[in-house]
Amino acid sequence: MREPYNHRNIEAKWQKYWEENKTNLTKEGGDKKFYILDMFPYPSGEGLHIGHPKGYIATDVYSRMKRMEGYDVLHPMGFDAFGLPAEQYALKNKVNPNVSTAKNVARYKEQLQMLGLNYDWEREINTTDPKFYKWTQWMWKQMYKKGLAYESYDPINWCPSCKTGLANEDLENGLCERCGSVVEKKPLRQWTIRITDYADRLLLDIDKLNWESHIKELQRNWIGKSEGSEIDFPLVDFPYEDKLKVFTTRADTMYGATFMAISYELAEAWIEKGWTPQQEVLKMIEEIREDAKKQDFSFKDVVEKKGIATGVTARNPINNELIPVYIANYILAGYGTGAIMAVPAHDERDYDFAKKYNLSILCVVDPTKVFESTLKEKFPSSNLDEKMLLALDDLKNGKGIYTGDGILIGSDIFNGLTSKEVKVKITEKVGGKLTSTYKLKDWVFARQRYWGEPFPIVFDENHVSYAVADSELPVALPMVEEYEPTGTGESPLANIKDWVEVYGHINGEGEFESLPKDDPRAKVFKRETNTMPQWAGSSWYYLRYIDPRNDITFADALKEKKWSPVDFYVGGAEHATRHLIYARFWHKVLFDLGLVSYDEPFTKLQTVGLIMAEDGRKMSKRWGNIVNPDDVVAEYGADTLRLYEMFMGPFDQSVAWSTSSMSGVRRFVERFYKLYDKVTDVYEDDEETVRELHKTIKKTTEDILEFKFNTAIAQMMILLNLLEKKEKVSKETYSLFVALLAPFAPHLGEELHALLGATSSVCDASWPQYDEKKLITTTVTVAVQIGGKMRGTIEIQRDLEDSEVITLVKAAEMYTKYVGAQEPKKVIVVKNKIINIVI
Ligand code: ANZ
């Protein structure tokens with residue numbers, strides 16, 4: 001008699017086997033490759049969260065199947081260990097981040113290994129390793145040399161609590177994404193990267209990507225391209241500035257401009273040039289500036305519009321009308337030109353402002369003459385006629401607003417023409433130019449903190465910057481005692497005189513090279529003391545896995561060509577606009593430099609749904625509802641946890657943890673193990689068994705490819721139920737079933753594979769193939785009613801047992817959506833017809 005299933009023994013045994021036999025090392029000789037990648041974690045002090053493995057297990061299952069299908073598979077893992085969170089953790093616990101990070105990395109790794117993930121640990125990388133960040137510095141240096149990285153002094157987002165400048169991408173609703181503080185605008189010397197030079201390509205190439213459409217849309221919106229015109233409005237008798245340049249997407253409404261509006265920053269620039277406005281104006285500027293500190297940078301959406309007349313007058317170049325210039329709180333300094341022509345009849349923000357300050361509203365686009373289809377677009381889902389008439393009526397009375405395109409009125413020679421044609425004509429007539437503007441801003445790339453990559457830059461006594469020669473890379477981050485942020489806008493590195501001051505000369509290439517202090521050619525230079533943001537290493541780390549120990553280049557060109565691009569990338573949706581924009585940009589720069597072979601890094605992308613706590617809330621210390629992976633593995637085993645996380649629900653949706661379903665999965669594992677007792681060497685399975693087996697092969701293969709792990713597992717459960725009812729099971733059937741299960745539960749897979757007589761790892765077994773001819777079966781479509789409402793149908797095999805039908809329906813998307821983690825009161829199955837779930 002075999003021992004009953006004991007996950008501890010089995011899992012320890014096979015983990016040791018994999019390590020000793022180097023089972024998980026990447027194979028490189030074949031002609032088919034597959035590069036599957038997880039977004040690497042930042043190793044927090046808390047250890048692995050139970051939600052982390054969801055994505056990792058998924059890529060593990062996928063990569064194991066690919067390997068069994070004969071691919072060379074690259075499935076690596078590493079750590080994103082620089083950055084603010086790691087530094088804050090170190091400060092809080094009063095340990096040096098060098099020490100705490102190493103400790104956290106070790107713990108993460110141990111936890112990942114405990115799950116039996118098949119990462120090739122010989123390729124492990126860590127962004128804080130000088131051998132890694134040498135290449136981060138080297139790549140940044142290429143950007144510097146190309147003019148893509150530049151020093152700027154503009155006001156940037158400053159977090160007073162984290163004491164560092166931040167990129168727009170680091171904000172969430174205007175607050176520091178890290179600590180929730182209100183972010184201020186602070187002028188600061190910093191390094192910035194011209195990501196906007198790539199805005200158009202980043203936008204266009206989105207179409208090439210096999211990514212979820214909502215992620216693609218988030219990227220498009222983040223880049224935020226807007227096509228319009230730049231037009232100059234001359235200022236009348238104003239000695240400090242002769243014109244106002246505006247950006248508009250609606251040049252067709254120029255005859256309807258009744259005032260101009262500028263940002264308070266522009267008003268301040270005028271003051272610097274000598275303009276002395278009225279006291280009230282100064283007060284208003286002050287007020288808006290204060291409000292702005294509490295607001296997001298997308299200030300445009302302010303609810304309460306306010307502002308004041310400057311007393312300055314502009315001339316509308318299309319009709320020579322004189323119109324007043326206002327300062328308004330809804331004008332963003334960093335968008336377009338920071339000034340607008342305001343057309344209250346056709347723009348909502350201008351309309352609100354005009355209403356508040358009693359400014360005239362002039363209608364120049366007639367909505368009634370628009371084609372009906374355009375109108376329907378503008379007023380969807382409502383009673384078109386009524387809305388339209390109302391809009392027209394209001395417009396006629398000079399109090400309405402219509403924001404769509406249409407036919408021009410009140411516009412002199414342009415009357416009767418459409419908005420679309422007039423946009424170009426008017427722009428040309430007033431000597432403006434057609435341009436685009438973007439929401440994407442250049443990337444603020446310097447942090448005034450310790451725990452990051454130093455820049456490979458030195459300055460001479462005139463603050464002229466020089467790149468550090470390649471032979472001197474990496475510029476190592478010095479080990480220090482004191483690394484608290486200074487808060488002055490200087491990095492703590494600035495206090496380390498020994499490190500900051502370097503002796504050397506500028507070589508023939510125009511780069512800095514060190515020399516002994518007493519060398520007659522040696523002069524003193526100062527190192528850049530800011531460090532790079534956490535996004536630096538993560539913008540290219542996937543390339544390093546390809547050739548992680550190469551000291552000559554970041555990755556050998558032939559290897560890069562073989563493995564790139566990443567075929568499948570899996571990770572959190574929170575990276576949709578930050579990491580994924582930065583990495584795409586970085587990759588395109590490398591592509592333009594001829595350093596990589598493809599212009600997009602990640603062909604396919606899949607986001608991971610969250611795992612919520614059993615009570616439906618987010619897991620948090622605050623709620624005391626955290627599930628710890630170590631505990632789960634100790635009690636249930638890694639294989640059960642793996643299967644459970646894949647079975648929980650549709651992969652991309654967030655699902656609540658459920659201990660009872662976890663126990664159910666554990667029983668499945670035990671029963672699977674026990675089924676071995678029925679295995680008979682020479683035995684022919686009946687037709688039903690063969691059919692169900694082939695169906696399971698087909699479904700598992702297809703579902704894994706589509707990341708529908710839950711339905712694959714549900715099908716395996718059905719097959720298991722069936723086999724349990726049979727007196728005997730052939731060795732052949734059981735072997736194939738073991739092969740299907742192995743990617744999900746690799747320890748058990750190995751154990752059973754060995755029991756069946758194999759002498760090599762199940763990882764090297766072939767992936768089972770199904771036979772179309774053996775699949776013929778009769779299926780029925782069954783209606784699903786949940787809580788009294790029809791929620792859809794599922795297709796299942798005719799005459800299934802009630803319990804099997806229930807298993808299948810629980811794996812359906814509608815079940816997760818309408819029932820979730822709660823236990824239904826009752827499930828009634830009317831055979832081959834309907835399933836009624838009472839909740
Ligand atoms: C006149 C006008 C008339 C406008 C009209 C709109 C409708 P998107 O599409 O988001 O790019 N704008 C330009 N720069 C601005 C700034 N710095 N702060 C706030 N608003 C600004 O929006 C472009 C429109 O937003 C521009 O077109 C401008 O208003 C406003 F019937 O110009 B429009």
Side-chain angles (χ1 to χ4, degrees), residues 168 185 196 199 203 220-233 244-269 288 291-292 295-303 305-307 314 316-318 321 323 325-354 359-367 370 378 391 395 400-411 414 418-420 422-423 426-427 430 432-441:
N168 282 348
K185 286 278 177 199
T196 50
L203 191 65
R220 285 193 193 98
N221 291 339
W222 190 265
I223 297 165
K225 180 171 180 169
S226 189
E227 287 176 84
S229 324
E230 268 180 19
I231 296 172
D232 289 339
F233 282 63
L244 258 187
K245 189 182 277 305
V246 305
F247 172 74
T248 177
T249 47
R250 295 296 307 271
D252 56 313
T253 63
M254 217 162 155
Y255 284 88
T258 54
F259 64 100
M260 316 280 298
I262 63 171
S263 64
Y264 79 89
E265 289 99 326
L266 190 55
E268 286 179 332
I288 299 179
D291 289 349
Q295 290 270 354
D296 184 357
F297 68 95
S298 63
F299 196 36
K300 227 167 148 180
D301 308 321
V302 282
V303 188
K305 312 275 179 302
K306 67 178 168 191
N316 186 341
I318 196 77
E321 293 275 329
I323 54 178
V325 179
Y326 276 72
I327 296 168
N329 67 344
Y330 63 97
I331 307 302
L332 287 171
Y335 190 68
T337 61
I340 66 156
M341 64 167 192
V343 187
H346 305 293
D347 181 273
E348 264 166 57
R349 293 157 295 174
D350 300 343
Y351 180 78
D352 293 345
F353 195 86
L359 300 164
S360 41
I361 297 169
L362 204 63
C363 169
V364 291
V365 181
D366 182 350
V370 193
K378 295 293 163 208
L395 274 168
I401 162 158
Y402 169 69
T403 58
D405 283 358
I407 306 290
L408 266 69
I409 52 175
S411 300
F414 301 101
T418 64
S419 292
K420 197 163 175 233
V422 168
K423 279 180 191 172
I426 288 195
T427 305
V430 295
K433 70 168 197 217
L434 297 171
T435 78
S436 302
T437 190
Y438 301 85
K439 290 210 185 81
L440 183 73
K441 293 283 155 263

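First listed ligand is number 1; within each ligand, the first listed atom is number 1. Because the structure is a prediction, the values reported are computed rather than measured.
Which parts of ligand 1 touch Phe247 is read off a 4.0 Å heavy-atom cut-off, strictly below it: atoms 13 (C), 26 (C), 28 (C). Interface of Met341 with ligand 1, defined as ligand atoms under 4.0 Å from a residue heavy atom, comprises 1 (C), 32 (O). Set against the non-hydrogen atoms of Val343, the atoms of ligand 1 under 4.0 Å away are 3 (C). The atoms of ligand 1 that sit less than 4.0 Å from any heavy atom of Ile331 are 16 (C), 17 (N), 18 (N), 19 (C). Annotation for ligand 1: atoms under 4.0 Å from non-hydrogen atoms of Tyr330 are 18 (N), 19 (C). Each of the atoms 20 (N), 25 (O), 30 (C) of ligand 1 lies under 4.0 Å from some heavy atom of Arg349. Close approach of ligand 1 to His346 (heavy-atom distance below 4.0 Å) involves ligand atoms 5 (C), 7 (C), 31 (F).
Under the salt bridge (charged side-chain N to carboxylate O under 4.0 Å, His left out) criterion, the residue pairs touching residues 248-257 are Arg250-Asp252, Arg250-Asp405, with sequence neighbours excluded.
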Criterion side chain to side chain contact (heavy atoms under 4.5 Å, CB included) on Leu440 and Trp222, from CA distance to verdict:
CA-CA 6 Å; Leu440 183 73; Trp222 190 265; 3.7 Å; yes

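Of all the heavy atoms in Ala257 and Asn316, the pair that sits closest is CB-ND2, 4.0 Å. Listed here is the closest heavy atom pair of Ile223 and Ala199: CG2-O, 3.9 Å.
Within the 4.5 Å cutoff, side-chain heavy atoms of Met341 are placed close to those of Thr253. At least one side-chain heavy atom of Asn329 sits under 4.5 Å from a side-chain heavy atom of Lys305. Side-chain contact check for Ser419 versus Leu408: some heavy-atom pair is nearer than 4.5 Å.
Remark: ligand 1 and Asp347 share no N or O pair separated by less than 3.5 Å (distance only, no angle test). For a threshold of 3.5 Å applied to N or O pairs, the pair formed by Leu332 and ligand 1 contains at least one separation below that value. Of the N or O atoms in Arg250, none lie within a sub-3.5 Å distance of an N or O in ligand 1.
Judged as a side chain to side chain contact (heavy atoms under 4.5 Å, CB included), and not counting sequence neighbours, the contacts of Thr437 are Ser226, Phe247, Tyr335.
When the options Ala333, Gly334, Ser226, Gly228 are ranked by their closest heavy atom to atom 9 (O) of ligand 1, first place goes to Ser226. The nearest non-hydrogen atom to atom 4 (C) of ligand 1, considering only Leu266, Thr248, Val365, comes from Thr248.
Contacts between Thr253 and ligand 1 below 4.0 angstrom, taking non-hydrogen atoms only, involve the side chain exclusively.
For the residue pair Tyr330 and Asp350, a side-chain donor N or O sits within less than 3.5 Å of a side-chain acceptor on the partner.
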